[in-house]
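Shown next, in structure tokens, is the structure this report addresses.
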Amino acid sequence: MSFPLLTVTAALPAVGAVATAAVPAARRTAAKWLALAVSLATLGLAVAVLVRFDPDGDRYQLTESHSWISDFGVRYELGVDGIGVALLALTALLIPFIVLAGWHDADPLETGSSRWRPTQGFFALILAVEAMVILSFEATDVFLFYIFFEAMLIPLYFLIGGFGDRAHQGGEETASTQRSYAAVKFLLYNLAGGLIMLAAVIGLYTVAGNFSLQEIAQARADGSLHMATSTERWLFLGFFFAFAVKAPLWPLHTWLPNAMGESTAPVAVLITAVVDKVGTFAMLRFCLQLFPEASKWATPVILVLAVISILYGALLAVGQRDIKRLIAYASISHFGFIIMGIFAMTSQGQSGATLYMVNHGISTAALLLVAGFLISRRGSRLIADYGGVQKVAPVLAGTFLVGGLATLSLPGLAPFVSEFLVLVGTFTRHPVIGIVATVGIVLAALYTLVLYQRTMTGPVKAEVATMPDLRVRELVVVAPLIVLLLFLGVYPKPVADLVNPAVEHTMSDVHKTDPKPDVEAAR
């Protein structure tokens with residue numbers, strides 16, 4: 001039996017979460033170092049997965065399969081394709097930065113406060129989320145995937161509701177109320193999507209007789225498993241609804257601004273740069289592979305919803321007064337691009353969408369973590385409370401600018417390549433959708449540059465005159481992300497080579513080929 005690398009990669013943060021939670025209350029610093037060590041060790045295992053994965057080999061590699069609930073055909077099946085490997089690596093990469101960035105976010109509140117923030121619990125919950133997300137990227141049994149897809153909601157609920165942002169203008173009681181509201185809204189939206197997906201999972205079992213993704217997909221491909229058109233469409237809608245909530249796609253997006261606004265900056269990164277990727281990843285792995293005809297049937301409506309997400313998120317970002325809510329609405333716009341690329345049904349669109357998942361995770365993490373450092377210094381999330389920061393904290397302002405420019409997909413930074421591929425891939429098959437979506441680029445430039453102008457330039461406000469620049473720990477968090485944005489902006493080939501073979505398999509699943517250019521029409 002080969003070494004169960006995928007299991008160990010997911011099990012390590014799970015065990016680390018238990019160990020971190022068990023650290024005595026007086027040893028807060030030890031809990032932090034333990035969580036950081038576990039996250040770095042998990043990153044090392046993710047690198048081992050990358051090294052062992054052969055992009056030109058079998059579709060699913062490093063596979064593991066064991067009987068679990070044999071009476072219902074449930075198996076413990078793991079395997080990764082190029083898309084899963086890329087997102088697994090992204091998750092393992094970001095968690096150490098999230099831990100470092102939140103180093104003091106769960107320390108006890110100020111003297112005299114009635115609330116105690118259990119540091120050990122904060123870092124244990126982060127590691128628990130990491131374990132469940134990694135397993136979601138690895139699971140090739142539909143029921144196994146569903147369990148971790150839903151289970152990750154529990155630690156996130158406590159991270160949002162129990163460890164909110166201290167920079168709140170309404171006082172502790174108001175802040176606690178709004179955190180509770182955001183946590184409950186997050187949980188209810190995602191539970192509703194999960195319950196609908198559960199019905200679809202049960203329906204899939206009644207049709208296929210098992211939960212194995214590979215077996216069902218193979219049976220669909222060779223014609224031994226036939227689904228009635230109406231059955232396939234209903235099952236597709238059940239899966240897609242849950243993934244659209246998680247992604248999030250308009251109009252199922254409204255939980256995200258509340259959740260990100262009330263969370264600490266590291267938890268907000270965990271939500272939008274890591275957890276939300278499970279939704280878009282699952283669209284590629286499950287919707288297109290299990291229900292190819294229904295995916296093509298739903299494509300026109302999904303593309304329209306994606307374009308609405310792009311424009312709606314960007315327009316609302318322009319009008320925001322809260323820094324973190326602005327970034328949240330910008331992320332809704334970016335997820336619109338990702339979903340548009342997936343359902344453009346072209347290799348350029350799907351490759352661009354997968355690259356976008358990786359690049360959005362890095363760029364949003366960079367921008368949001370620097371924004372968190374800024375907010376922690378001033379004690380306010382309101383844009384109007386800042387001004388002239390670049391004169392007193394030039395390194396902070398510079399990294400904030402690079403993160404913002406990556407968000408608007410400036411050429412030379414990583415998101416540009418992925419956004420360009422998504423638009424090209426969409427335009428070749430759906431030119432009107434592609435043209436309308438480009439308006440989102442203009443709006444992105446508007447909200448990003450206006451945010452920088454209002455916070456970093458102009459006269460120095462008295463409240464920021466003594467603001468310190470980034471400290472060593474904060475530079476260790478931000479600098480590698482900036483380097484990655486620059487490196488992948490000029491040389492995206494390593495990630496592209498990893499995901500392109502998996503995209504070819506997905507295109508084959510839906511029986512689509514790239515449209516040929518109409519040379520005569522162009523002439």
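Nearest heavy atoms, I375 versus R381: CG2-CG, 4.0 Å. Residues Y356 and E419 come closest through the heavy atom pair OH-OE1, 2.6 Å. Scanning all heavy atoms of the two residues, the minimum distance from L410 to F416 falls at O-CB, 3.4 Å. The heavy-atom pair separating Y189 from V245 by the smallest distance is O-CG1, 3.5 Å. V460 and K391 get closest at one heavy-atom pair: CG2-CD, 3.7 Å. For V477 against A101, the heavy-atom pair with the smallest separation is CG2-N, 3.9 Å.
Atom CG of L40 is separated from atom CG of L45 by 11.5 Å, given to the nearest 0.5 angstrom. Residue L481 holds its CG atom at 7.5 Å from CD1 of I362, rounded to the nearest 0.5 Å. Here the CG-CG distance, from L213 to L144, works out to 11.5 Å after rounding to the nearest 0.5 Å. Remark: K246 NZ to S136 OG distance equals 7.5 Å, nearest 0.5 Å. How far CG of L187 is from CG of L153: 6.0 Å, rounded to the nearest 0.5 Å. Rounded to the nearest 0.5 Å, atoms CE (M456) and CZ (F400) are 4.5 Å apart.
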Give the C-alpha distance, both sets of side-chain angles, the deciding distance and a yes or no for ring-ring contact (aromatic ring centres under 6.0 Å, His included) between Y157 and F186. CA-CA 7 Å; Y157 169 81; F186 159 81; 7.9 Å; no

Chi angles and distances behind the side chain to side chain contact (heavy atoms under 4.5 Å, CB included) call for W255, L188: CA-CA 9 Å; W255 63 269; L188 290 178; over 6 Å; no

Does the side chain to side chain contact (heavy atoms under 4.5 Å, CB included) test come out yes or no for L90 and V274, once each step is laid out? CA-CA 8 Å; L90 172 69; V274 176; 5.9 Å; no

Walk me through it: do V80 and E138 pass the test side chain to side chain contact (heavy atoms under 4.5 Å, CB included)? CA-CA 5 Å; V80 286; E138 295 175 346; 4.0 Å; yes

Would F373 and R471 count as a side chain to side chain contact (heavy atoms under 4.5 Å, CB included) here? Give the steps. CA-CA 10 Å; F373 298 148; R471 302 178 178 91; over 6 Å; no

CA sep, side-chain torsions, deciding dist, call: Q390, Y452, side chain to side chain donor-acceptor pair (under 3.5 Å): CA-CA 10 Å; Q390 68 179 11; Y452 183 84; 2.8 Å; yes

After noting the C-alpha distance and the side-chain angles of E262 and K185, does the key distance pass the salt bridge (charged side-chain N to carboxylate O under 4.0 Å, His left out) rule? CA-CA 12 Å; E262 298 305 322; K185 187 174 183 179; over 6 Å; no

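Residues V269 and T364 have side chains not in contact (no heavy-atom distance under 4.5 Å, counting atoms from C-beta outward). The shortest distance between side-chain heavy atoms of S380 and I323 does not fall below 4.5 Å. For the pair R377/M467, a side-chain contact is recorded, criterion being any heavy-atom separation below 4.5 Å from C-beta on. Between L484 and N359 there is no side-chain heavy-atom pair separated by less than 4.5 Å. With a 4.5 Å cut-off on side-chain heavy atoms, F163 and V267 do not count as touching. A heavy-atom distance below 4.5 Å is not found between the side chains of Q178 and N258. Using a 4.5 Å heavy-atom cutoff, the side chains of T119 and T29 are not in contact. At a threshold of 4.5 Å between non-hydrogen side-chain atoms, the residues F3 and V8 count as touching.
For the residue pair Y447 / Q320, no side-chain donor-acceptor distance below 3.5 Å is found, with atom types taken as modelled.
Checked against F143 for a ring pair (Phe, Tyr, Trp, His ring centres under 6.0 Å), the options F211, F148, F286 give a single hit: F211.
Other residues, nucleotides and ligands contribute at most 12 non-hydrogen atoms within 6.0 Å of the CZ atom of R454. More than 12 heavy atoms of other shown residues, nucleotides or ligands fall within 6.0 angstrom of atom CZ in R473. The environment of CZ in F158 is sparse: at most 12 heavy-atom neighbours from other residues, nucleotides or ligands sit within 6.0 Å.
Between the Q120 side chain and the P24 main chain, a donor and an acceptor come within less than 3.5 Å of each other. Counting only distance, with no hydrogens or angles, the side chain of T448 and the backbone of A445 share no donor-acceptor pair below 3.5 Å. Under a 3.5 Å cut-off, the side chain of S309 and the backbone N or O of W250 do form a donor-acceptor pair. Of the possible polar contacts, one joining the K461 side chain to the A384 backbone as a donor-acceptor pair under 3.5 Å is found. With hydrogens and angles ignored, the 3.5 Å screen pairs a side-chain donor or acceptor of D469 with a backbone N or O of L396.
Each salt bridge (Lys or Arg N to Asp or Glu O under 4.0 Å) pair with one or both residues in residues 74-88, not counting sequence neighbours, appears once here: R75-E77, D81-R285.
Ring pair H360/F335: centre-to-centre distance below 6.0 Å. Aromatic rings of Y76 and W68 (six-membered ring for Trp) have centroids beyond the 6.0 Å cut-off, not under it.
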Would you mind writing out the side-chain donor-acceptor pairs for residues 125-134 within the sub-3.5 Å range, not counting sequence neighbours?
none

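Judged by the 6.0 Å distance and 45° axis criteria, K32 is not positioned over the aromatic ring of F123.
The aromatic rings of F145 and F243 sit perpendicular to each other, their planes meeting at more than 60°, with 30° as the lower class boundary. Relative ring orientation between Y329 and Y312 is described as perpendicular, the plane-to-plane angle rising above 60° on a 0-90° scale split at 30° and 60°.
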